[in-house]
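Reckoned from all heavy atoms, side chains included, excluding hydrogens, waters and symmetry mates. Lettering of chains follows the sequences in order, A, B, ..., and the numbering in each one begins at 1. From a predicted model like this one, the values you see are computed outputs, not experimental measurements.
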Amino acid sequence: MPPSPDTYQAIYAVIARIPEGSVATYGQVAVPGRARLVGYALSALAGRSAIPWHRVVNAQGRISPRSCGSDAGLEQRLRLEHEGISFDASGRIPLERFLWRPQFAEENQGYF
DNA sequence: GTGGTGACTGCCA
DNA sequence: ATGGCAGCCACCA
């Protein structure tokens with residue numbers, strides 16, 4: 001399918017491909033240098049969509065500290081643990097185990 | 001049209 | 001290890 005002219009839609013398309021039990025970083029979803037757009041796009045969702053927004057974490061494997069309210073962060077962690085993703089004592093996800101590794105370039109062509 | 005803002009990342013001290 | 005700075009782009013007032 002052709003790339004969406006709508007940047008947000010392209011980002012959502014990539015996130016929607018993240019399989020259950022895996023996580024992806026903002027930089028992985030977006031072109032390096034444009035990771036902010038991903039976070040901004042997700043903030044627009046605010047959990048009112050079918051997009052698995054909780055599978056997106058920052059480059060350090062942590063729940064991104066949102067601008068206000070930590071409730072969403074707690075919910076994200078619960079959802080990830082429910083999918084079998086574990087956190088270490090520091091509250092980080094071991095990316096070497098759970099990071100999404102797309103096998104085909106087409107997997108993320110939506111935004112690249 | 002202009003400017004401020006943000007769920008980020010990578011580099012450097 | 002932590003903390004600061006710059007680059008980045010779309011959205012909204």
Measure [atom1]/[X] against [atom2]/[N] and give the value in whole Å, please.
{"X": "Ile63(A)", "N": "dC8(B)", "atom1": "CD1", "atom2": "P", "result": "12 Å"}
{"X": "Ile11(A)", "N": "dA10(C)", "atom1": "CD1", "atom2": "C1'", "result": "9 Å"}
{"X": "Tyr26(A)", "N": "dG6(B)", "atom1": "OH", "atom2": "C1'", "result": "11 Å"}
{"X": "Asn58(A)", "N": "dG6(B)", "atom1": "CG", "atom2": "C1'", "result": "14 Å"}
{"X": "Leu37(A)", "N": "dC8(C)", "atom1": "CG", "atom2": "P", "result": "12 Å"}
{"X": "Gln28(A)", "N": "dG10(B)", "atom1": "CD", "atom2": "C1'", "result": "16 Å"}
{"X": "Gln60(A)", "N": "dA7(B)", "atom1": "CD", "atom2": "P", "result": "16 Å"}

Exercise for the section: Could you run through DNA chain C and flag its stems, i.e. three or more consecutive Watson-Crick or G-U pairs with both distances under 3.5 Å? Expected result: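 Only these stems qualify: B:2-6 with C:9-13, B:8-13 with C:2-7.
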
Handout entry: With Arg77(A) via side-chain hydrogen bond (donor to acceptor under 3.5 Å, both in side chains) - residues at least two apart
Key =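 Applying side-chain hydrogen bond (donor to acceptor under 3.5 Å, both in side chains) to Arg77(A) gives Glu81(A).
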
Practice task
Check every atom of dA10(C), dA7(B), dT9(B) against the side chain of Ser43(A) and return the nucleotide holding the closest atom.
Solution key: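 Minimum distance to the Ser43(A) side chain belongs to dA7(B).
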
Problem - Shortest side-chain distance from Trp53(A), nucleotide among dA7(B), dA10(C), dT9(B) - result: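 Nearest to the side-chain atoms of Trp53(A), counting from C-beta on, is dA7(B).
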
Exercise for the section: Can you measure from CD (Gln60(A)) to CG (Leu95(A)) and round to the nearest 0.5 angstrom? Expected result: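 The distance works out to 9.5 Å.
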
Exercise for the section: Answer with yes or no whether the side chains of Ser64(A) and Tyr26(A) bring together a donor and an acceptor at under 3.5 Å. Expected result: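 Looking only at side-chain atoms, Ser64(A) and Tyr26(A) do form a donor-acceptor pair, the distance falling under 3.5 Å.
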
Handout entry: Qualifying residue for side chain to side chain donor-acceptor pair (under 3.5 Å) with His54(A), from His82(A), Glu83(A), Glu75(A)
Key =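 With His54(A) as partner, side chain to side chain donor-acceptor pair (under 3.5 Å) holds for just one option, Glu83(A).
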
Exercise for the section: Check whether any side-chain nitrogen or oxygen of Arg34(A) sits under 4.0 Å from OP1 or OP2 of dC9(C), and answer yes or no. Expected result: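 Answer yes for this pair, as a side-chain N or O of Arg34(A) is under 4.0 Å from OP1 or OP2.
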
